[in-house]
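Taking it in order: structure first as structure tokens, then the write-up.
Residue numbers start at 1 and run along the sequence shown. No experiment lies behind these values; they were computed from the predicted model shown.
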Amino acid sequence: MEGEHFGISPIEALASGCITIVHNSGGMKEFIPEEFRWEKYEDLKEKIVKSMESSTRTGTIHASNYGPRFLV
């Protein structure tokens, strides 16, 4: 969702170890690394394809490092 101030869905995805790709706006910019943010729909498509084609779990492992911050 574009411009979402702070959505719980991306945080839940991070806590679950999912690759979380968000729009480069709102509060998510503070929590999601730049490599997982998009500006234009073309960027979004490329990031999705890149994460799906990855033969390693590097992206998932990297994304899951951010999840523990939000566990209670």
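- By the side-chain hydrogen bond (donor to acceptor under 3.5 Å, both in side chains) test, Glu34 pairs with no residue at all, sequence neighbours left out.
- Residues forming a salt bridge (Lys or Arg N to Asp or Glu O under 4.0 Å) with Lys50 (at least two apart in sequence, or on another chain): none.
- Residues passing the side-chain hydrogen bond (donor to acceptor under 3.5 Å, both in side chains) test with Asp43, sequence neighbours excluded: none.
- Heavy-atom minimum distance, Thr20 versus Ile32: O-CG2, 3.7 Å.
- Transitive grouping of hydrophobic side chains (ILVMFWY, heavy atoms separated by less than 4.5 Å) brings Val22 and Tyr41 into a common cluster.
- Of all heavy-atom pairs spanning Lys47 and Glu35, the tightest one is NZ-O, 3.1 Å.
- A search for side-chain contact (heavy atoms from CB on, under 4.5 Å) contacts involving Ile48 returns Ile21, Leu44, Met52, not counting sequence neighbours.
- The side-chain hydrogen bond (donor to acceptor under 3.5 Å, both in side chains) search around Lys29 returns none, not counting sequence neighbours.
- When every heavy atom of His23 is checked against every heavy atom of Glu39, the shortest pair comes out as NE2-O, 3.5 Å.
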